[in-house]
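Presented below is the structure to which this report refers.
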Amino acid sequence: MQIVTSWMEEGIEQGKQLGKEEGKQSEALSLIMRQLPKRIGAVNPSLQERIGQLSLTQLEDLAEALLDFSSVADLEAHLQRIGEEK
């Protein structure tokens, strides 16, 4: 028989929630990295790295914004705005 205390249950629940958030972030990043080249062409590694460091909320905002991008300059401007908001 396994004894589980409330703090253990809380830790398990927090771990599950963190795992879900990380999964969402990973999926958002993957989708964006597939969509950007189709929208604006090749994305250089330094921009890819900057995108990879965005939070889930920032990735979701980028996913929406990229629908209006027509060039890499649009992506750079969006990332600049994000950097200024921090």
Side-chain angles (χ1 to χ4, degrees):
M1 184 161 117
Q2 185 178 13
I3 299 173
V4 178
T5 62
S6 64
W7 64 269
M8 289 174 74
E9 289 174 349
E10 185 177 316
I12 290 168
E13 197 57 41
Q14 287 176 346
K16 287 179 182 178
Q17 185 63 32
L18 181 60
K20 287 179 185 178
E21 290 298 314
E22 288 175 356
K24 288 178 185 179
Q25 187 168 358
S26 177
E27 285 299 313
L29 178 60
S30 177
L31 180 60
I32 288 167
M33 297 311 287
R34 289 192 318 264
Q35 289 176 328
L36 278 171
K38 293 178 182 288
R39 187 73 186 158
I40 61 173
V43 178
N44 70 50
S46 66
L47 287 175
Q48 290 178 18
E49 185 176 329
R50 286 175 63 189
I51 294 166
Q53 295 173 358
L54 298 177
S55 70
L56 176 58
T57 301
Q58 291 169 327
L59 287 170
E60 290 170 341
D61 291 345
L62 175 57
E64 206 172 299
L66 74 80
L67 297 172
D68 296 324
F69 293 174
S70 60
S71 69
V72 174
D74 293 329
L75 171 61
E76 291 171 337
H78 182 82
L79 293 174
Q80 181 67 32
R81 282 191 300 277
I82 289 173
E84 291 170 358
E85 292 174 1
K86 285 184 178 180

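Predicted model only: the values in this text are computed from it and were never measured.
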Practice task
Please confirm whether the backbone N or O of Leu54 pairs with a side-chain atom of Gln25, one donor and one acceptor, at under 3.5 Å?
Solution key: yes
Handout entry: Exam field: side chain Gln35 to backbone Ala63, donor-acceptor pair closer than 3.5 Å
Key =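 A pair under 3.5 Å: no.
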With sequence neighbours excluded, tell me which residues meet side chain to side chain contact (heavy atoms under 4.5 Å, CB included) with [X].
| X | result |
| --- | --- |
| Ala65 | Phe69, His78 |
| Leu29 | Met33, Ile51, Leu59 |
| Asn44 | Ser46, Leu47 |

Side-chain donor-acceptor pairs of residues 12-19 under 3.5 Å, sequence neighbours excluded:
| from | atom 1 | to | atom 2 | distance (Å) |
| --- | --- | --- | --- | --- |
| Gln17 | NE2 | Glu21 | OE2 | 3.4 |

Completion exercise
Distance col, row Ile32:CD1 vs Glu64:CD, nearest 0.5 angstrom, shows 11.0 Å
Handout entry: Rounded distance (nearest 0.5 Å) linking atom NZ of Lys24 with atom CG of Leu56
Key =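 Spacing of NZ (Lys24) from CG (Leu56) equals 7.0 Å.
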With sequence neighbours excluded, tell me which residues meet side chain to side chain donor-acceptor pair (under 3.5 Å) with [X].
| X | answer |
| --- | --- |
| Ser70 | Asp74 |
| Gln80 | Glu84 |
| Ser55 | Gln58 |
| Ser30 | Arg34 |

Completion exercise
Residue pairs meeting ring pair (Phe, Tyr, Trp, His ring centres under 6.0 Å), one or both in residues 16-49, sequence neighbours left out, come to none
Problem - Any side-chain heavy-atom pair of Leu75 and Val43 under 4.5 Å - result: yes
Practice task
Treat each ILVMFWY residue as a node, draw an edge where side-chain heavy atoms are under 4.5 Å apart, and state whether Ile82 and Leu36 are in one component.
Solution key: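 They do share one cluster, since a chain of ILVMFWY contacts under 4.5 Å joins Ile82 to Leu36.
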